[in-house]
Structures are given as structure tokens and as C-alpha cells.
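Heads up: the structure comes next, in C-alpha cells.
Keep in mind that what you see is a predicted model, and the values were worked out from it rather than measured. Numbers restart at 1 for each chain; the letters A, B, ... are given by sequence-line order, proteins then strands.
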Amino acid sequence: MNSKSNNAEPDDGARPADKAMNHVARFDIFCRRYIEPEGNVVAELPEVTSDVDLLKRLYRQMVLTRVFDQKAIALQRTGRLGTYPSVLGQEAIGTGVASAMRDDDVLLPSFREHGAQLQRGVSIRELLLYWGGDERGSDFSGPRNDFPVCIPVGSHFPHAAGAALAIKLRGSDNVAVVIAGDGATSKGEFYEALNIAGVWQLPLLVVIANNQWAISVSRKEQTRARTLAQKAIAAGIPGEQVDGNDAVAVFTATMEALEAIRAGRGPHLIEALTYRLGDHTTADNASRYRDDEEVSLHWHEDPVSRLRDYLTAQNHWTKEDEQTLLEECRGQVDSEAEAYLAIPVQPVSAMFDHLFAVLPEPLKLQREYAMEAGKDDQNGGN
Amino acid sequence: MNSKSNNAEPDDGARPADKAMNHVARFDIFCRRYIEPEGNVVAELPEVTSDVDLLKRLYRQMVLTRVFDQKAIALQRTGRLGTYPSVLGQEAIGTGVASAMRDDDVLLPSFREHGAQLQRGVSIRELLLYWGGDERGSDFSGPRNDFPVCIPVGSHFPHAAGAALAIKLRGSDNVAVVIAGDGATSKGEFYEALNIAGVWQLPLLVVIANNQWAISVSRKEQTRARTLAQKAIAAGIPGEQVDGNDAVAVFTATMEALEAIRAGRGPHLIEALTYRLGDHTTADNASRYRDDEEVSLHWHEDPVSRLRDYLTAQNHWTKEDEQTLLEECRGQVDSEAEAYLAIPVQPVSAMFDHLFAVLPEPLKLQREYAMEAGKDDQNGGN
Amino acid sequence: MTKMAETDLLGAVNLALGRALQDDETTIVLGEDVGVNGGVFRATDGLQEKFGSARVLDTPLAECAIAGIAVGAATQGFRPVAEIQFAGFIYPVIDQVLNHASRLRTRTRGRLSCPMVLRAPYGGGVHAPEHHSESPEALFAHIPGLRVVIPSSPQRAYGLLLAAIRNPDPVVFLEPKRLYHALREDVTDDGKELPLDQPVYLRQGRDITLVTWGASTLEVLRAAEQLEAEGISTEVIDVATLSPLNDEPICASVEKTGRCIVVHEAARTGGFGAEIVARIADRSLTSLLAPVRRVTGYDTVIPLPRLEVKYMPGTRQIVDTAQEVMALS
Amino acid sequence: MTKMAETDLLGAVNLALGRALQDDETTIVLGEDVGVNGGVFRATDGLQEKFGSARVLDTPLAECAIAGIAVGAATQGFRPVAEIQFAGFIYPVIDQVLNHASRLRTRTRGRLSCPMVLRAPYGGGVHAPEHHSESPEALFAHIPGLRVVIPSSPQRAYGLLLAAIRNPDPVVFLEPKRLYHALREDVTDDGKELPLDQPVYLRQGRDITLVTWGASTLEVLRAAEQLEAEGISTEVIDVATLSPLNDEPICASVEKTGRCIVVHEAARTGGFGAEIVARIADRSLTSLLAPVRRVTGYDTVIPLPRLEVKYMPGTRQIVDTAQEVMALS
Ligand SMILES: Cc1ncc(C[n+]2csc(CCOP(=O)(O)OP(=O)(O)O)c2C)c(N)n1
Ligand SMILES: Cc1ncc(C[n+]2csc(CCOP(=O)(O)OP(=O)(O)O)c2C)c(N)n1
Ligand SMILES: [Mg+2]
Ligand SMILES: [Mg+2]
């Protein structure tokens, strides 16, 4: 990471040629990191993370996310789950962000934020149900106001602004938190939502999980902007980078941003730098477009081992702790997977039953027909 | 205009709190101006405008634009033109930008850039025909590759990127120039196009005619960004402000940007600061949402009198010159208006005749029917 | 507070919006220029003054975000009424409406819902500039989980808009701007809604059923009178809620008259008239005495004002077609 | 260079793209992941390697801009073939297609034109994630000035895609992804196009006309065989170019058989099936011996994979409906 001095030369923009040029505005982007690879501390850990139990909670949650991820991939490979996007290598973001949120905040996750969803209280069973191809997986029993995952990339940014507007109109101090990838910052809705949130000073936190790839399109091919954080400048709101593989940095940056937002200081953007260690989804083969070597290098940045190394170095974590934790996580994930697999398919009528609050008269006949036709397993185009 | 020093304090973004923060990037925005209100020179005029004839051409063209504008409004008021958006007070932008362009550049104008279109060689008759409600007004005999005006705000930014892509692929050194208003910078397409142009380093110049209003929505309600120029930072491309009521500044900034772009240095954004002195369109009543006083103050910034004052002060322009010019312009506009009014309505078949290169068989019957039905002037829903 | 006043369709929209804002504090109005300016047509005139700028919000110029923000706010307990300034600028919101607003309830099995209204003036015939005369109703009427409602009189505008706002699901409410000032009638601002999903009989008749919606009701009613004078008795139905389409009253009428013409302003191919005809050809075929015709806009782009009148389906075309249909049976 | 090879529909698309890039240097291909990755389905596999990254361009993730850039490049002498990765992400481009691509020629009285193709895989039945199984053809088929083309076999994919690319006007080319690997046939890479605006007879018959397009052709042909076995002879028509719709062959067939069923996967209401029925009810009503039925997706959101099969119109439903129609006449 770059460490220029504060008063560095301008990176971009016209330089003053003569008296005709007035300096109008200046912007700086900073990047935050506390723990570097191998668990070394580069800066004193902030007050909010002085509690070792908190760090352990972050660590456990990342491990749970990873164990879940492995299971999901295994289920997909054996035909018991649909196409699945792995979050391998990005666990610190979902965990860090969601851990800093309050229950009454609203999360709007992208399709890869299983970690954030788990932390928010979506159950493993629900996550599997959703990725197994069943709408009931989005009927979370936990965070009832959170959004389901967003598949059309970037289309949930305006929802987040809308949820934030609702919060602001109600006068409460909770926050809407939206997470999306680097690719999502190329979509118009990203800028539209950020811009309006800026004008209206909405309680909105935008987290960009910059994992360097949007399927096969690299970060460099996605935008010429040196950072994604600087996209906030277009909306006149604060933007910052954080080492997204440092759970402490993610947690702290989120915590501080949420505090500022709750205090009425308007929307905020965090770009969390990370790397997608796996394929884009189980339907993807990343070796078609990137070198294994690049991937290997990034394992060095792995957020899970980084925090473990730190905790170990500080004598807060042992091999036995690790063993116990893994067993716990595996046990939990396996039993949830069993429960998922036991859930029967919805009845045909389910297609109709949540389309409207009350099924309109004209659709009742179709529903009956569908139930009749659907009885027959031969039917259907497959 | 603000005139901070070059090394001013950061305006935005997180400040470094401790060692955890690394400075990653810095951006500065400058604003350019040569001639201020009342024709005073604030900085030596640049080399490219040392030719007095050029300055006179700019001036004449602005006056022609204004005379055209008055005529169009008069025609609308008397029922001989459709809804019309006045360019009063913004003449320096269209004139300055289009004068710096080469014939083989491609212009993609917003609906208010009559000045730029006139300079590009679209005839007054054609402009009136278009605003009079006849598609033939967009079949310019002049700049054959220029786009027709864009009505859906901001939707032409991607076209400009596409035209620039065509230029780049062809390997020529012309440039696509798109002009739009401050309101247009809130649309997703603006950012999408800018971002892609940045990645592909397209020969694209984006000019934002910031006239402080988007119908009744003020610049401040449109975005919290301090400048619109800084929106370029989101795309990682250069952005600058220019006093859009100083024709010399607009011309010079455009010229320099075009040169850089022709040299392969990629896209560029210019925010030209101006003010909409008239109503949004002839269908609007601006006094509903802004004070007359605000408008009066801005007359002081009027680009036409500013350049005239300068030329007069330099002894390049006299009262007689002015009189002659006004007569010439009025004569030209009046005779073009006559010609416009004499153009008969298109035949009914015209609806069909340019829909496809060759009218598909299935549509031929409809065309015949329409011609038959259209004979009767009683027909039609009005 | 109940007031009766003669008003036009635009005034009725304004009344309904005011009533909704008054009755339910979760109702908010947002869109470009809806605040101080009261909307470019004045549909929201006076509302910001009365209800404040927190509930009547001027937005930046970004249609997709306007719709998306309405979605977000709707899921969190508000009832946003978003205005798209002209239907020609509504296309960027289709993604939000189709992929999100109309699906959130079913995607989450009822956990979240989207009680929002998207209003837009639509249609031609007012000599508007390019891209200002669109009739996009068919695009929305194909979206499952969405209601498409179009009023054709001040009373119906008032009652249907209130119903749309109070409805627990998303509604696209298209206002035929050619009717904004075309007729006035007494509208009682009593907060009473009219039923959605219900076509309206505008005229009872014997010989032929004319099905229409929006501004075309004007021409259809005019044609009905001319036909009456010629001894042809027409039944006129205003579809009002295009989707979900209740075809019962339409098919019942056709089964009575044996003949049908559908009239709309949008381009014919893929227009919603096709759906009406398809319902009839399915349910009431054996009652038909003559082919079902459509009198519609052509399959062309609606021309700029100078030629626009030649595009719009007119009274004469409806009368001619009715005579032809009568002659064929 | 003419090669004959057995290939599937996906391979045929790839061949046609390669041929177009080869034959005309103004042809370019752009879209998300179309370069090194060769597209998520591999439709563009090998093309960037062969034709370079200036002509096969990976774009940032921005569908609206992809379409808009294609518009801009098309007006300046190029023939862009833009890919939208899945039809579920095509809605943000409707604005560009409707307000610009389909209108630039008529807006400028022929001065500018827009010879571009927008390709997208569409339809369900492959157990894809949410928002990946859309059938949006009706939305595009209502847009004047636009062609909507859907192939249903490798040969037709090759010939129609080439025709679409060479066509001087914009084409939305929807590829039924359930057919990508469903059948293989010999495709000669000879650069020969197939005619647009021309429905295709897939089967000749006597008793009933089955009209369809895209992936549903599979079920329709299967149903036709079952019906044949039961002594019911069907004529099967693949519409191929939905818009502009040439209804001649369809009406001619219905006039012969007297019966018709339209089959498509999209939701029924406002689906393009309605247009087919409306044409028949207008032109061929007196030949009809029975109601015209539609076998389609329901007016619901297509479910996630576990229930998806219950949404798709299946062979059995077509057979049942045909038997019903026969019984009614
Ligand atoms: C609007 C839209 N376009 C295309 C896709 C197909 N798609 C799914 S994920 C993806 C890449 C997303 O990249 P990024 O935003 O960086 O998120 P990541 O996958 O890296 O988590 C694409 C192109 C989509 N889902 N939505
Ligand atoms: C997409 C879109 N939305 C709304 C409108 C209606 N409208 C026309 S001009 C305008 C304001 C444009 O403001 P700005 O971009 O600043 O340009 P200006 O009118 O000031 O030249 C609006 C809202 C439109 N034409 N297009
Ligand atoms: Mg990514
Ligand atoms: Mg403006």
C-alpha cells in the first residue's frame, strides 16, 4: 500500500498554468490498516477493538463463514445446491461490517455477502435454501427488514438510499448499509444513489468489497479511477479505503462511519480492498482469465489466518481453540445442511401465493389450473 | 470564484488520525477565467486567442445565437413553433466549444445547445423546423455525422462514448464532444459513459453547461459535490471548471482539451459555469421557483456584453459595428424563419418511410391504410 | 373534510395526492420538480407548501434512482408516490419495477412488500416535443406482480389514484395528459377510493363492444354517439386496470354484442389491445359475429407535432371500423 | 472458407460471430466477459484471440452504457454486436433501444442509422439463479423500428444471426439458452444468412396450428409427435422474427387447419402470444373452428429452480390443450 505524505502533489486534474487558474477544491484519499499479513501490527489497535472477546468473535465468525462456504461448494458439486458464489478470502468484510452494525440497522447485501448475512442472523439453513433454489430462503426469521441478496448487480444501491430515506423521515438513528463489489461501481445506479444520498444527507453506508475481479474483468479494466473510494467525491461525500483483509480495520472503519452517520453527518463510502480467492461462482472457471500465481500470492493476504496469527501472537488463541472452533463450526454447518436437505419443495400454488397481498380475482383461475397441471411431474418444459 | 492556494487543506475525505492511515491519492480542481464581467482582463489572454478576428467571430456567433433565440421565442408565443428551450445567457458555451471543434469532430448536443449547432453548420431553418415539430429539422445538411439534440436528459453520454470508440477504432484523431446540463450529471449514464471512456481512453470531451438550474431544481439540490468538474475523479479522468460566460475561457479550455485528446491522452471533462437567464422552456414559468432578483444579478455575468465590453475597451468594436451586426443577424434570422414557415407538412407516409432502411413487408399495408386515413383532416385524435 | 368541486383530471390527481398525504403520514411524494414548482403540469401544486419538503421531495434528475428509492422506502414502511415527469423518461425504471418492485413480496414470501405508486403523464396529442408523447402501458402490463391503472375521467382519477396509493402492492398509474384539461366534473374529496381490477362500463349498447382506456375514451365516446345516430348501438368499456386484467365484463359484453373493437393510442403490435383480443378469442370466440379489429397507433414512432394528428387513432377511424365490422356480420 | 460441422446452437452463434468479424471489419463484439473468458456461456470463445481486443471488447459492468455505446458506434459506421450477459439484466437498456436505437433513423429522416445487434441468452429451465431465467421478448416486440429475432435451432441461429448483424437496422437477438446444448446439427459456415421477417414451418399438418418460438419449439415438436400418434395432425410454425411480424404464413395455416394454439414461456398477459392471437382474430376469424388457446408461463414471477419446472409450459399441457381444442370443434 502506498504511503505518500499528506501534502503530496496532486495526482490528477489540470495544473495551474497561469493566473487564469484558480484552485477551487482539493480531495485526499486515505487507506486504513492495523494488522498486516502474518498478524503483525502496523498501528496501535483502536479503542473500539481493545476487547479481546470482540476480536475472537470476529475470528469465529470468519471461520464459520469459511466452513459454510466449503459446505455450500461441496453441496453444489454433488448436485444438491444451485450455482453458488464463494466468499473465500473476503470473510473479513462481511464479518467486520455486520459486526459493527446494530440489529435495527438495515443490510442490503450483494449476492456474495453470506458472511454479513450470517452475522446478521440469517440462518445457514436459510442461506442454503435460497442458493438451493427456494424463495423461502429469503424469508429470514432473523433480520426481518434486511433485503434479500441482490442479483442484478448494483440495482440495490437505490433501495439502500430509499431505506435510508425511510429512516431519516422516521427520525431514528439507524443506518442502511449496502454492500456490493468493485464491478457494481460501474453501474449508473451506484452513482445515482450516492448522489441523491449526498444531497439529502441520508443515513447510508456504502461498502464496496473490492475483490479485484468482476467475473473475468479485472479491477483495472473496470475503471481508470486509482481508488474506488474516490468515487464518493463525485457525490460530495466522504470516501475512504480500508484493508479489507484486516477484520479490525473493517470493523473500526465501519464503526466510525456508522457513528458519524448516526450523528447526522450523512452518507459515507468505504472501499474494502480484498481478493476473490475462488472462482466467481461454481459455474465459473477462473483459470481461463487469471494466473494461478496471482491467486497464490493473494493467499498471503488471507484475512482468516491474519487475525488468527495476531491472536496467537498475543497469546489469545491456541491450536486447541482452533480445533474446537472448527469442530463446532463443522457440526453446526452439517446439521443445518441436513435440515436444509430435508425441506420439501413448495407446492405449485406458492408461485401465486405471495405475488400480491391478496391474489386478484383474475389470477385465481390460473392458480387452480397450475395446481392441477403441476400435480403431474411429467409436466413442465424440462 | 474561489481562489485558494494550490496547497490548500483537504476539502473532504477522512483525515489521517494515526499511523493506521496512509495517504493514497490527492485531487485538485481548478477554474479558468480570462475576462471578467465588464470586460476586464484577469489574466493574459492565451496564445490561441491572440487573433482578434477569432474573438470577433466568437462574438458575432453569440449575437446570432441570441437573435435566433429571441425569434424562436417570438414564434412560439405566436403559435408558430413548439415548446422551445431558450439558451439566453449561455451563448458562450455553445459558441466557444463548437468554435474550437474541427468539422470532422462529432457533436452530441443537449436540447439547449442551439448555439453549438449553429456554429457547427446546422441552419436556422433546420433548427426552427425541428422545434416546430418536424423530423426533417434533424436531417442537417451541414454536420452530417452530428447527433440530433438529445431530449431524454443524459442518455446521449453513452452515444458519445460510442462515437469516440468508433473514432478510436478507426485510428483517426477527431473527437466526440457531448454537451449536457448540470441536471444531466445526476443520471447514471453520465457516470457509466465517463467511466468506460476512462478505461478505454476514448477521444471524448464532455462539456457540462452548468446553468445552476434543472427546471426548478437548483444546482445545490442536484448534488452535494462542490463542483461538477470533480465528478471526473470518479472515472479517473481530468476534470476542470471554466467560467462559462467567458467565451475566451471556454474556447481556450476546449481547444487545449481537444489537443490533449487528439494526442491520445483520453477523455476530459469541462464544467462551464453559467446561468439560465430565461425560463426553462416556453412552457415554464421560472418565477414560480426563483427570485427575479437572483436573475437580475446574473445579468451582470452576461457573456455577450462581456466580450463586447472587452472588444470595445480594446478598440476592436464600435457602436456602428454593433448596429451592422444586429441588422445582419436579424435579417438572416428573419429570412430563415420565413423559409421555415413556408415548408409544407410532411406527407402521412413519412411516418413509415424512415423507420427502417427498407420498409418490411408487414408494414406496407399499415402505410397504405395510414395514407388513406390521413387524407381526411378530420381524422386523428385531436 | 369533504369538499365537492368541479375539477379536471389534473385537479383530481392533485386532490387525491393531497388527501393521501393528509390521511396517512407514511405517504410521501417524490420526483423531479414536484416541490416548489408543483410539477411541470402542476399535479403536485401546493403539496410541498402544505405538507413540507420532508414529505414532498424534489429529487435530482435520476429516474432509475427515483424508482429504486421508492422501492427501498416502501419496504421500510412508507408509501411513496413517485412521479416520472413524462412517460418518455420512464424506461430507465423498468428494471427497478420489474426486477424489484413487482417481485419483492414473492421473492421474500411476503416478508417485504412494496406499496408504491409510480405516476406518469402519458400519451400524445398535446403537441409536445420529441420523446414526450409515449404510450408505454403494454410494457408494464406484461409484468407479473404489478398493477397498471389508467384513469379516464376526473372522478376515476381521484378514486383510482387513492386506491392505488393505499394498495399494498406496487402500481404504475399512467395519466392520459391529453385529458388533463379536457373535461371537468364534480369530484367529492371524500377520500373514497374506486375499486381496482375492475373495467368500467361507460355506455351500454347492443351491437358492438368498444374497449379502450386513457385518452382514447374521448374518441370512442364521440364515435359511439355518431354510431348511435346511424342506428348502431355500442357498449363502451374503459379497462381502467390493465393488469391484472379482469376480462369478465369485457367478454360478457362481447358475448352480448357479438362484435368488438379495441382502441388505443400505443403502437398496435404488442400493444395491450392484443391481450384484450386474445382473451376474447379464447373465452368468447363462439359468440363472435365478426372479426375483432384494433384501431390504434401505427407501428411507427409517434411523429413530432406537425404530423402527430395523423398518428392518433381518431373518431372517424373508429366509426369506419365499426361500420365495416357491422357489414361483415 | 466453408466448413461443415455438427454443432449446437451455442456453437452456431460462435460461428456466426466469427464469420461476421471475419467478413466485415466494421463488425465489433462487446460486452461483459466476452473477451478472454469468451462469455459466460462461451458464445464468444476464441474470438478475442483471433480478432484482437480492439474488436472483441470486454466492457465494464454497465448494461445501459453497453447499449448506448453500441448506438453511438453504429451511427458512425460500425456494426456493434453487444452482448447482455443474461436477459434478466437487459431492462436497463430498454431506454437506449426504445428512445434511441430504434428511432435514430426516423428521427433524422435517414441521415443516421443504427445497425447494431443486442444479443442475450434468455429463458428458464436451466436451474439458474434468481433473475437469470427471464423471457422479455414481448417488451422489445412492441418497439417500432426494432427487429426481434429468436432462433430455435443451430442452423437458424447461424443464418439469422448473420442476417441480423448485416441488417442496416437494430436487432434484438434473443438466444434460448435452454437450447444452447439441447440439439446438434450440421451447420455450414458459408456466410449465408437466412431471411428475417419470415416465420418458419417446422412441420406441416392438417388439424391444428401450433405457433411458437425459442425453447418452446422443443415441447411443441414433442407434443406434435404425441398428437400425431393420437391421429391429430399438427402444423408447427416457429415465428423466428417476432417483430415486425409477418402474419401471412400463420394466418394461412390457421385458415387451413381452423385451429390454433400459441405456446411461449413468458408470462401470458401481455405476452407476444396475444399479438399472434389478435392477428388471427382479425384476419382469419371466420376460419376458426375453435377458440384460440395460449399455453404459456403463468402470470407470476418465474420461480427459483426448485419449482421452476412447474412454471414452464410443458409437452403435456400442449397435448391436453390440443385435445381440448379438437373436442371443442
Ligand atoms: C446487472 C448485472 N449484469 C451482469 C450480471 C452478471 N454478473 C454476476 S456477478 C458479475 C460480476 C460482479 O462483479 P463485482 O461487482 O465485482 O462483484 P463480485 O462478483 O466480485 O463479488 C456479473 C457480471 C449481473 N448479475 N447483473
Ligand atoms: C431523463 C429525463 N428526465 C426528465 C426530463 C424532463 N426535463 C427536461 S429538461 C430537464 C432539466 C434538465 O436540466 P439540465 O440538465 O441542468 O439542463 P438545462 O435544462 O438546465 O439546460 C428535465 C427534468 C427529460 N427531458 N429527460
Ligand atoms: Mg469483484
Ligand atoms: Mg441546468
Need one label for A:R136: side chain, backbone, both or neither, based on atoms under 4.5 Å from any heavy atom in chain D. side chain
Applying salt bridge (charged side-chain N to carboxylate O under 4.0 Å, His left out) to A:R288 and D:D33, what does each step give before you reach the verdict? CA-CA 11 Å; A:R288 284 180 69 92; D:D33 307 293; over 6 Å; no
Does D:E49 have more than 12 heavy atoms from other residues, nucleotides or ligands lying within 6.0 Å of its CD? no
Could you tell me whether the side chain of D:P92 reaches within less than 4.5 Å of the side chain of A:K187, counting heavy atoms only? yes
Is chain D contacted by the side chain of A:P344, its backbone, both, or neither, given a heavy-atom distance below 4.5 Å? backbone
Minimal heavy-atom distance between D:K310 and A:M351, with the atoms involved, is O-CE, 3.5 Å
Please look at A:Y130 and chain D and tell me whether the side chain, the backbone, both or neither of the residue comes under 4.5 angstrom of a heavy atom of that chain. both
Would you say that A:E135 contacts D:V301 through its side chain, given a criterion of any heavy-atom pair below 4.5 Å between the two side chains? no
Given that the side chain runs from C-beta out, which part of A:I151 has a heavy atom under 4.5 Å from chain D: side chain, backbone, both or neither? both
Where do A:P347 and D:L307 come nearest, in terms of heavy atoms and distance? O-CD2, 3.7 Å
For the pair D:V40 and A:H280, evaluate side chain to side chain contact (heavy atoms under 4.5 Å, CB included) and give the outcome as yes or no after the intermediate values. CA-CA 11 Å; D:V40 295; A:H280 169 67; over 6 Å; no
Using heavy-atom distances under 4.5 Å, tell me whether D:P129 contacts chain A through its side chain, its backbone, both, or neither. side chain
Would you say D:R306 and A:I343 make side-chain contact, with heavy atoms under 4.5 Å? yes
Nearest 0.5 Å, please: how far is CD in D:Q85 from CD1 in A:I215? 4.0 Å
Chain D shares the most heavy-atom pairs under 4.5 Å, among A:A283, A:G183, A:P152, A:A286, with A:P152
Rounding to 0.5 Å, atoms CD (A:E372) and CG (D:D320) come to a distance of 10.0 Å
Over all atoms of both residues, closest heavy-atom pair of D:D299 and A:L355: O-CD2, 3.2 Å
Measure across D:T59 and A:V217 and return the closest heavy-atom pair with its distance rounded to 0.1 Å. O-CG2, 4.0 Å
Select, from D:A215, D:A65, D:P60, the one with the greatest count of heavy-atom pairs under 4.5 Å involving chain A. D:P60
Portion of D:E63 that has a non-hydrogen atom of chain A nearer than 4.5 angstrom: both
With a 4.5 angstrom heavy-atom cut-off, is it the side chain or the backbone of D:Y298 that approaches chain A, or both, or neither? both
In terms of heavy-atom pairs under 4.5 Å, which option from A:L363, A:D284, A:T281, A:D134 contacts chain D the most? A:D134
Considering non-hydrogen atoms only, spot the tightest contact between A:Q222 and D:L61 and give its length. OE1-N, 2.8 Å
Enter the distance from A:R367:CZ to D:T300:OG1 here, rounded to the nearest 0.5 Å. 12.0 Å
Measuring from A:S186:OG to D:E32:CD, what's the distance to the nearest 0.5 Å? 9.0 Å
